[in-house]
Asks: 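Just dropping this structure here.
Since the structure is predicted, the reported quantities are computational estimates derived from the model, not experimental observations.
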Amino acid sequence: MPDFLKKFYPDVYASTQKLNINSNYCKYNNQSLQLFTSLLYLAALVATFFASYTTKRLGRKKTMLIAGVFFIVGTVLNASFNHLSVVILGRVLLGCGVGFGNQVVPLFLSEIAPTRIRGGLNILFQLNATIGILLATLVNYGAAKIKGGWGWRLSLGLAGVPALMLTLGSLIVVDTPNSLIQRGKLDEGRSVLKKIRGTENIETEFAEIVEASRVAEEIKHPFRNLLKRKNRPPLIIAIAMQIFQQFTGINAIFFYAPILFASMGFGNNASLYAAVITGAVNVLATIVSVFLVDKVGRRMLLLEAGIQMFLSQIVVAIVLALKVKDHSNNLSYGLSILVVVMVCTFVSAFAWSWGPIGWLIPSETFPLEARSAGQSVTVCVNMLCCFVIGQVFLLMLCSLKYAIFLFFSAWVLVMSLFVLFLIPETKNVPIEEMTERVWKKHWFWKRYMDDHYEGDGVK
């Protein structure tokens, strides 16, 4: 927002006003502004390792409470102070909330969900994230119209509403049976399992969780345990999926959607409209994933989306290459609509595939003894990639121009091949049976399941 830029980044504001001097692709390129965006993810990266400890020792419920408190304090600092250093501190605390939240929520959902709807329930996490993106865009659109220079405070301050909901919600929910049993609360774990399953017939599942917990307690160094040969398949896939998820280019689009559309030649209001449209598409497509992920499977959605994302990015790159130059653009009304449609095509494909499934598969494939540490690594890699993309996207847009879409489409091609050959199908597989029913039967990963290779855990 202009008022925010004037107050904290006056050099960037001045740059945006020199329309005849700066390239269409370069007028927002500023490392300190990008750092404000990406610092959240750097903080989240660090916080997730602390969240791994609290998730295991304090439980899923208390870790969600900690995340909510971080969000509330960060929001207060962001919205109420006039010094950039304090606003940045608030941004860091929000990042800690992201680190704790992303660590615990997918884990919580995977552990409480019945097997037949685990995928759909877990994707509700991503669905609510997409709703949050859409609401944030609408709030920004409305706040930008407020006169008097305080619209940005309202925009940042309203983040306190979902922060408060998360905090209160964490006080209401029960902890997962897995977490309670892992911390020695067997009777409470059995009671909660009966409650969330709605039946007294839970002894088989209870016994499986108790055994998995017994194995988990034998692990003294959880992160070293991740290096064990049998844990490499889920670890490699979790790391790869987070890298691929971010290098689709999706966060670049959502971080800077108004800037991106403005660079393509849309007016300020039109660029915000386009950002709202893509946010709405993101929500609707994620709803599609909720209903399909446990029916058609994870692999089918990932592969179909790869083709869709690749083609849409190629079309956008061609249009920009032909019509949008450094100091001029010739996007007609029809071509502008085509660009928005192609971006929405890309967003919809991501939203029913790599967005939710990128979190789902890592959360459901690690064994209990490696689950908390594995989720930490998953979040850490995701946040690191978010930080990198957030920090360099505007520089890349300035340097590569239209070819930035070719850069991301190349990544989409690589990750689709990865899915085709190396990601197994996990739908309808109980979370404690992944080793026997998934890894030991996969053409490539089964070689890591040989018991005689265990030894010291790093072979």
Side-chain angles (χ1 to χ4, degrees), residues 25 123 126-127 129-131 133-134 136-137 241-266 270-289 292-293 300-324 331 334-359 382 385-386 389-390 393-394 396-397 400-419:
Y25 293 99
I123 287 174
Q126 181 70 16
L127 174 62
T130 64
I131 292 173
I133 292 170
L134 176 59
T137 307
M241 291 196 76
Q242 301 316 302
I243 294 172
F244 289 144
Q245 185 195 68
Q246 297 310 311
F247 278 82
T248 58
I250 188 65
N251 263 350
I253 288 175
F254 279 122
F255 286 169
Y256 305 111
I259 293 174
L260 188 62
F261 285 118
S263 298
M264 294 175 183
F266 293 73
S271 65
L272 278 170
Y273 286 141
V276 170
I277 291 170
T278 56
V281 168
N282 193 25
V283 172
L284 294 174
T286 306
I287 294 174
V288 171
S289 185
L292 291 183
V293 70
M300 181 62 70
L301 287 175
L302 291 171
L303 291 171
E304 184 281 331
I307 297 172
Q308 190 171 322
M309 289 191 292
F310 179 81
L311 294 176
S312 59
Q313 286 180 316
I314 294 296
V315 171
V316 172
I318 291 172
V319 171
L320 296 186
L322 295 176
K323 295 296 182 180
V324 180
L331 275 182
L335 287 177
S336 298
I337 296 298
L338 177 62
V339 168
V340 173
V341 168
M342 286 296 102
V343 170
C344 287
T345 300
F346 168 83
V347 169
S348 64
F350 177 88
W352 65 52
S353 64
W354 282 92
I357 297 174
W359 290 108
N382 186 279
C385 292
C386 283
I389 292 293
F393 173 71
L394 293 179
M396 290 173 63
L397 181 63
L400 298 177
K401 302 177 174 60
Y402 68 86
I404 193 170
F405 287 96
L406 298 179
F407 170 82
F408 288 128
S409 66
W411 277 94
V412 171
L413 179 61
V414 171
M415 68 198 217
S416 296
L417 292 174
F418 183 86
V419 172

Asks: Nearest heavy-atom pair of Ala280 and Leu134: which atoms, and what distance?
Replies: N-CD1, 3.6 Å
Asks: Please give me the minimum heavy-atom distance between Gln245 and Gly358, naming the atom from each residue.
Replies: NE2-CA, 3.9 Å
Asks: Taking only residues two or more places apart in sequence or in another chain, which ones pass side chain to side chain contact (heavy atoms under 4.5 Å, CB included) with Ala317?
Replies: Phe405, Leu406
Asks: Ignoring hydrogens, what is the shortest heavy-atom contact between Val412 and Thr248? Give both atom names and the distance.
Replies: CG2-CA, 4.3 Å
Asks: Ignoring hydrogens, what is the shortest heavy-atom contact between Ile277 and Cys344? Give both atom names and the distance.
Replies: CG2-SG, 3.7 Å
Asks: side-chain contact (heavy atoms from CB on, under 4.5 Å) between Leu302 and Phe418: does it pass, once the steps are laid out?
Replies: CA-CA 10 Å; Leu302 291 171; Phe418 183 86; over 6 Å; no
Asks: Which residues satisfy the side chain to side chain contact (heavy atoms under 4.5 Å, CB included) test with Ile307, sequence neighbours excluded?
Replies: Leu311
Asks: According to side chain to side chain contact (heavy atoms under 4.5 Å, CB included), who are the partners of Leu292, at least two apart in sequence or on a separate chain?
Replies: Val288, Val296, Leu301
Asks: Among Leu397, Leu320, Val316, which residue meets the side-chain contact (heavy atoms from CB on, under 4.5 Å) test with Ile404?
Replies: Leu397
Asks: Checking Phe310 now: which residues fulfil ring-ring contact (aromatic ring centres under 6.0 Å, His included) with it, not counting sequence neighbours?
Replies: none
Asks: Residues in ring-ring contact (aromatic ring centres under 6.0 Å, His included) with Phe247, at least two apart?
Replies: Trp411
Asks: Write down the atom of Ala351, the atom of Ala285, and the distance for their closest heavy-atom approach.
Replies: CB-CB, 3.6 Å
Asks: Who are the side-chain hydrogen bond (donor to acceptor under 3.5 Å, both in side chains) partners of Ser348, not counting sequence neighbours?
Replies: Gln308
Asks: How long is the straight-line distance from CD1 of Ile250 back to CD1 of Ile133, given to the nearest 0.5 Å?
Replies: 7.5 Å
Asks: Verify the neighbour count for atom CE of Met300: are there more than 12 heavy atoms of other residues, nucleotides or ligands below 6.0 Å?
Replies: no
Asks: Partners of Asn282 by side-chain hydrogen bond (donor to acceptor under 3.5 Å, both in side chains), sequence neighbours excluded?
Replies: none
Asks: Among all residues two or more places apart in sequence or in another chain, which pass the side-chain hydrogen bond (donor to acceptor under 3.5 Å, both in side chains) test with Trp352?
Replies: Glu304
Asks: With sequence neighbours left out, write down each residue that passes side-chain hydrogen bond (donor to acceptor under 3.5 Å, both in side chains) with Gln313, or none if nothing qualifies.
Replies: none
Asks: Can you label the angle between the Phe408 ring and the Phe393 ring as parallel, tilted or perpendicular, going by 30° and 60°?
Replies: parallel
Asks: Taking only residues two or more places apart in sequence, or in another chain, which ones meet Leu338 in a side chain to side chain contact (heavy atoms under 4.5 Å, CB included)?
Replies: Val315, Val319, Leu335, Met342
